[in-house]
Number of protein chains: 2
Amino acid sequence: MATRVALKASAARPDLTSVLEDKGYRVTGPRLNIIRLLGKKNEGFSAEEINYALPGVGRATVFRTLKLLLGANVICKLTTRDGGVKYSLARVEHHHHTVCVKCGTVGDFRDVTIERLLRTLGDEIQGQIVGHRIEVDVVCPSCQKASRN
Amino acid sequence: MATRVALKASAARPDLTSVLEDKGYRVTGPRLNIIRLLGKKNEGFSAEEINYALPGVGRATVFRTLKLLLGANVICKLTTRDGGVKYSLARVEHHHHTVCVKCGTVGDFRDVTIERLLRTLGDEIQGQIVGHRIEVDVVCPSCQKASRN
DNA sequence: CAGGGCTATGAGACGTAGTATCATTAGTGT
DNA sequence: ACACTAATGATACTACGTCTCATAGCCCTG
């Protein structure tokens, strides 16, 4: 059945637990705790952050749950310029990220042109394209403002 | 005087040691060994690989030298789909990478349109763009051929 | 060419991100 | 209520790096 709700940015978030149910995973205490925490975070977050915020939940479980959500395309993982790792809620189906190099805030963007471009790039690229990662480093508006002082 | 030679793919590679000299770093034995090894590799390589190939050179030195070369834009670092890390020689000034999801071979491509596109994306992106990472996952021609059997 | 000074090195401890193992616990279907 | 299985936490381990520190090696100056 699995009515997959079309995610709309900043609309009332469909509760993420349904994602687990849909995939046949159990909805357990630790998972709920993690998911609830993520629901509150609008910016990127690290695994350690969650681990710290939920002392009752084991580190392994945090990573396991993140992996699960990653597989369900509910969150996504990104690499910052300095090689760090961040996770972020996936608000829209397919998108890319901006990461502020000053404060680390993660933003989303989607530009169909990029997808199209990558497809047409097939000529220039040897082989068959099966995926891609695009991350844009930015200085976010508030950091720009701050540095102007 | 640092005559910066325009790098051309598969042309006789200008010896990478000049990069060290240009930046005021010493051209030492371990560095030479690493650089010579890189010169032979046309595909991506990992730090561990170099470490293994040069038993006389310490692991820290391998990483230190890679960092040095990274800073000199002689090599670049990329993340594969599975979260692994690869380094690759930077043949052209600014470019992006294709990584074969089967065999891990790294290729380069450069498409000016992407740079232009990212610039014009400024409207859609909050903040000022200061950099980006683009990685394209592919199935390379030889792996395609192999799987057709 | 001897000496001094600074750079680079290797060994190994340490840090961070994540996975594997394994005994225990907790959902779930009947 | 019970048994079956999935999930959990603790902990060890791996990958990829960085930090520290004592030692070695360049290289400049006298």
Side-chain angles (χ1 to χ4, degrees), chain A residues 16-38 44-72 75-88 99 104 106 133 135, chain B residues 16-17 19-37 44-72 75-88 99 104 106 133 135:
Chain A
L16 298 177
T17 61
S18 61
V19 174
L20 294 178
E21 286 166 353
D22 285 4
K23 296 234 168 185
Y25 298 123
R26 287 186 188 164
V27 181
T28 64
R31 285 180 181 166
L32 273 178
N33 283 331
I34 294 172
I35 287 177
R36 283 209 201 95
L37 189 61
L38 298 195
F45 46 85
S46 69
E48 286 338 300
E49 226 171 298
I50 295 169
N51 194 220
Y52 181 81
L54 300 171
V57 178
R59 219 172 73 92
T61 299
V62 170
F63 279 106
R64 279 190 284 244
T65 306
L66 287 179
K67 203 174 181 182
L68 222 66
L69 297 174
L70 222 41
I75 59 173
C76 33
K77 185 179 174 177
L78 52 138
T79 310
T80 56
R81 183 151 70 162
D82 56 14
V85 178
K86 284 224 159 198
Y87 296 87
S88 110
V99 188
V106 177
R133 284 172 295 293
E135 272 143 39
Chain B
L16 299 176
T17 60
V19 174
L20 294 178
E21 286 166 353
D22 286 3
K23 295 233 168 185
Y25 298 122
R26 286 188 190 161
V27 181
T28 63
R31 286 181 181 165
L32 272 178
N33 283 331
I34 294 172
I35 286 175
R36 283 208 201 94
L37 189 62
F45 46 86
S46 68
E48 281 347 293
E49 228 170 297
I50 295 169
N51 194 219
Y52 181 80
L54 300 171
V57 178
R59 221 171 71 90
T61 300
V62 170
F63 280 106
R64 278 190 283 242
T65 306
L66 287 178
K67 205 174 180 180
L68 222 65
L69 297 174
L70 222 40
I75 59 173
C76 33
K77 186 180 174 178
L78 51 137
T79 310
T80 57
R81 184 151 69 162
D82 57 14
V85 179
K86 285 223 159 199
Y87 296 86
S88 111
V99 188
V106 177
R133 284 172 295 292
E135 273 143 39

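What you see is a predicted model, and the numbers here were worked out from it, not measured in a lab. Values below: all heavy atoms of this structure, side chains included; hydrogens, waters and symmetry mates excluded.
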Requested in this report: Take the protein atom CG of A:Leu20 and the nucleotide atom C1' of C:dG27, then report the distance between them rounded to whole Å.
Outcome: 13 Å
**Report entry** N/O donor-acceptor pair, side chain B:Arg64 with base C:dG10, under 3.5 angstrom
**Finding:** yes
Short heteroatom pairs, N/O only, protein and nucleotides 2-4 of chain C, under 3.5 Å:
none

Query raised in the report: Between C:dT16 and A:Tyr52, is there an OP1 or OP2 to side-chain N/O distance shorter than 4.0 Å?
Result: no
Report summary line: Nearest heavy-atom approach of A:Gly58 to A:Asn51 is C-ND2, 3.9 Å
Report task. Could you check how far CG of A:Asp82 sits from P of C:dT16, rounded to whole Å? Result -> 13 Å
Query raised in the report: Rounded to the Å, how far apart are B:Leu78 CG and D:dC16 P?
Result: 12 Å
Requested in this report: State, yes or no, whether a side-chain contact exists between B:Phe45 and B:Leu66 at a heavy-atom distance under 4.5 Å.
Outcome: yes
Query raised in the report: Is there a side-chain contact between B:Ile50 and B:Val57, using heavy atoms and a 4.5 Å cut-off?
Result: no
Query raised in the report: B:Phe63 has an atom CZ; how far is it from atom P of C:dG12, in whole Å?
Result: 17 Å
**Report entry** Nearest-Å distance for atom pair CG/P, residues A:Asn33 and C:dA26
**Finding:** 14 Å
Report summary line: Closest non-hydrogen atoms of A:Lys77 and A:Leu70, given as atom of the first, atom of the second and distance, are N-CD1, 3.7 Å
**Report entry** Residue whose nearest DNA chain C nucleotide is more 5′ - B:Arg59 or B:Gly56
**Finding:** B:Gly56
**Report entry** A:Lys77 side chain near C:dG18 phosphate (N/O to OP1/OP2, under 4.0 Å)
**Finding:** yes
Report summary line: Here the distance between atom C1' of D:dG17 and atom CZ of A:Arg81, to the nearest Å, is 19 Å
Query raised in the report: Nearest of C:dT9, D:dG9, C:dT19 to any side-chain atom of B:Thr61?
Result: C:dT9
Requested in this report: Starting at atom CD of A:Glu49, determine the distance to atom C1' of C:dT16, rounded to an integer number of angstrom.
Outcome: 14 Å
Requested in this report: Output yes when at least one side-chain N/O atom of A:Tyr25 is less than 4.0 Å from OP1 or OP2 of C:dT28, else no.
Outcome: no
**Report entry** Whole-Å gap separating P (C:dT7) and NZ (B:Lys23)
**Finding:** 17 Å
Query raised in the report: Among the nucleotides C:dG10, C:dA17, D:dG9, which one has an atom lying closest to any side-chain atom of A:Ala60?
Result: D:dG9
Requested in this report: Please check the phosphate of C:dT7 (OP1 and OP2 only) for any side-chain N or O of B:Arg31 closer than 4.0 Å.
Outcome: no
Query raised in the report: Given D:dT8, D:dG17, C:dA17, which nucleotide is nearest the side-chain atoms of A:Pro30?
Result: D:dT8
Query - Heavy-atom donor-acceptor pair, B:Lys23 side chain to B:Leu68 backbone, under 3.5 Å - result: no
Query - Candidates C:dA17, C:dG10, D:dG17 - which lies nearest the side chain of A:Glu48 - result: C:dA17
Contact list (N/O, under 3.5 angstrom) for nucleotides 23-29 of chain D vs protein:
{"unit_1": "D:dG25", "atom_1": "N2", "unit_2": "B:Arg26", "atom_2": "NH1", "d": "3.0"}

